[in-house]
Visitor: 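Sharing a structure, written as structure tokens. Questions coming.
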Amino acid sequence: MPLGAETFAGRYALRPESVAEGIWLVRGTNAPIAFANGGAIANCAIIATAAGPVLFDCGPSLAYGQALRRLARDLTRRDPALVLVSHLHPDHDLGAGAFDPGLVAALPGTQADIARDGPGMTDAMFRMLADWMRGTQLVVPTRRLEPGPLEIGGRTLQLLALSGHSGGDLAVLDPRTGTLIT
């Protein structure tokens, strides 16, 4: 092996944790974005509905999004019905290419932020993560979310528009279980 070459792990090993009835957390590593962790530092969530799972964030790369899609299907026996992008940061949204573009949704401010800043952030992720990013392309969410109730597959989720971590942050409250996903 050439001196200084990186070893490519090749795949993400996602481990769901049940946090409430029909809700799983896929915990990101507690570290900065780095080649060693494939950029998988964001927490993602899977919410079961009769229409299919709703995903809250989709990870840092196409490969991560594909792994998350398979995991959601394994847990719920259904294909994803909706992918919510919580905010601009690439560790939360670059996995969107693994899904039908019509399923990828965000608040208007996040859509604008990704359209404006996404290309530069994507370029930075390719420089840091190399092979982990293979096939990844920036996807600007096309489905517009508004704060308030979202009825999907027999489950009502309350969408909350916040700010603080970025210019526009989405949080989701599941009133049925009292679970707040941020």
Side-chain angles (χ1 to χ4, degrees), residues 1-19 23-47 53-75 80 82-99 101 103-107 109-141 162-172 179-182:
M1 171 155 65
L3 185 60
E6 307 250 22
T7 302
F8 177 52
R11 68 181 198 89
Y12 294 97
L14 307 184
R15 293 178 183 84
E17 301 172 32
S18 178
V19 295
I23 301 177
W24 296 268
L25 169 68
V26 180
R27 193 179 301 275
T29 188
N30 189 17
I33 293 172
F35 184 85
N37 59 36
I41 67 169
N43 294 331
C44 299
I46 300 167
I47 306 165
V54 173
L55 305 182
F56 184 85
D57 286 333
C58 51
S61 67
L62 175 64
Y64 188 98
Q66 291 169 331
L68 187 64
R69 187 184 69 221
R70 283 190 300 273
L71 176 61
R73 178 141 179 75
D74 288 347
L75 290 169
L82 186 62
V83 178
L84 305 175
V85 175
S86 66
H87 66 288
L88 162 70
H89 297 149
D91 53 313
H92 295 263
D93 70 3
L94 285 179
F99 304 93
L103 299 180
V104 182
L107 295 169
T110 299
Q111 290 172 311
D113 288 349
I114 293 172
R116 182 191 65 235
D117 297 334
M121 290 186 162
T122 302
D123 184 56
M125 293 291 277
F126 269 87
R127 285 194 310 274
M128 289 188 291
L129 301 178
D131 280 343
W132 286 104
M133 299 300 290
R134 187 172 291 155
T136 302
Q137 294 186 2
L138 178 65
V139 173
V140 177
L162 306 170
S163 65
H165 182 65
S166 72
D169 303 320
L170 173 67
V172 174
T179 303
L180 178 64
I181 303 168
T182 62

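Only heavy atoms go into these numbers, but all of them, side chains included; no hydrogens, no water, no symmetry mates.
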Visitor: So M125 and T136, do their side chains get closer than 4.5 Å, heavy atoms only?
Guide: no
Visitor: Please confirm whether the backbone N or O of V139 pairs with a side-chain atom of D93, one donor and one acceptor, at under 3.5 Å?
Guide: no
Visitor: Between the side chain of N43 and the main-chain N/O of G28, is any donor-acceptor distance below 3.5 Å?
Guide: yes
Visitor: Would you say L138 and P119 make side-chain contact, with heavy atoms under 4.5 Å?
Guide: yes
Visitor: Ignoring hydrogens and geometry, is there a side-chain-to-backbone donor-acceptor pair from T110 to G168 under 3.5 Å?
Guide: yes
Visitor: Report the distance from atom CG of L103 to atom SG of C58, rounding to the nearest 0.5 Å.
Guide: 11.0 Å
Visitor: With heavy-atom distances below 4.5 Å as the criterion, would you say the side chains of L25 and I181 are in contact?
Guide: no
Visitor: Answer whether the closest heavy-atom distance between the side chains of Y64 and L14 falls below 4.5 Å.
Guide: yes
Visitor: Would you mind reporting whether F99 and L55 have side-chain heavy atoms less than 4.5 Å apart?
Guide: yes
Visitor: Can you name the salt bridge (Lys or Arg N to Asp or Glu O under 4.0 Å) partners of D169, sequence neighbours left out?
Guide: none
Visitor: Look only at the side chain of D57 and the backbone of S86, and say whether a donor-acceptor pair between them is shorter than 3.5 Å.
Guide: yes
Visitor: Quick one: pull up CD1 in I41 and OG1 in T29 and give me the separation to the nearest 0.5 Å.
Guide: 8.5 Å
Visitor: Is there a donor-acceptor pair closer than 3.5 Å between any side-chain N or O of R27 and the backbone N or O of E17?
Guide: no
Visitor: Enumerate the residue pairs fulfilling salt bridge (Lys or Arg N to Asp or Glu O under 4.0 Å) with a member in residues 32-42, sequence neighbours excluded, ordered by first and then second residue.
Guide: none
Visitor: Just checking W132 against Y12, ring centres under 6.0 Å apart?
Guide: yes
Visitor: Closest approach of V85 and A106, non-hydrogen atoms and distance?
Guide: O-CB, 3.8 Å
Visitor: How long is the span from the CZ atom in R134 to the CG atom in L62, to the nearest 0.5 Å?
Guide: 11.5 Å
Visitor: Rounded to the nearest 0.5 Å, how far does SG of C44 lie from CG of D91?
Guide: 8.5 Å
Visitor: I need the single residue from V54, L68, D74 that forms a side-chain contact (heavy atoms from CB on, under 4.5 Å) with I46. Which is it?
Guide: L68
Visitor: Of all the heavy-atom pairs spanning F35 and D131, show the shortest one and how long it is.
Guide: CE1-N, 4.4 Å
Visitor: Can you confirm whether H87 sits close enough to D113 that some side-chain heavy atom of one is under 4.5 Å from a side-chain heavy atom of the other?
Guide: no
Visitor: What orientation do H92 and H89 show, parallel under 30°, tilted 30 to 60°, or perpendicular over 60°?
Guide: tilted
Visitor: In the structure I gave you, are the side-chain heavy atoms of I33 and P60 within less than 4.5 Å of one another anywhere?
Guide: no
Visitor: Roughly how far, to the nearest 0.5 Å, is CE of M121 from CG of L94?
Guide: 9.5 Å
Visitor: State which residues pass salt bridge (Lys or Arg N to Asp or Glu O under 4.0 Å) with D123; sequence neighbours excluded, sorted by chain then number.
Guide: R127
Visitor: What closest approach, in Å, do S61 and M133 show between heavy atoms, and which atom pair accounts for it?
Guide: CB-SD, 3.8 Å
Visitor: Are the side chains of L75 and P53 in contact, using a 4.5 Å heavy-atom criterion?
Guide: no
Visitor: With a 3.5 Å distance limit and no angle check, can you tell me whether Q111 reaches the backbone of P141 through a side-chain donor-acceptor pair?
Guide: yes
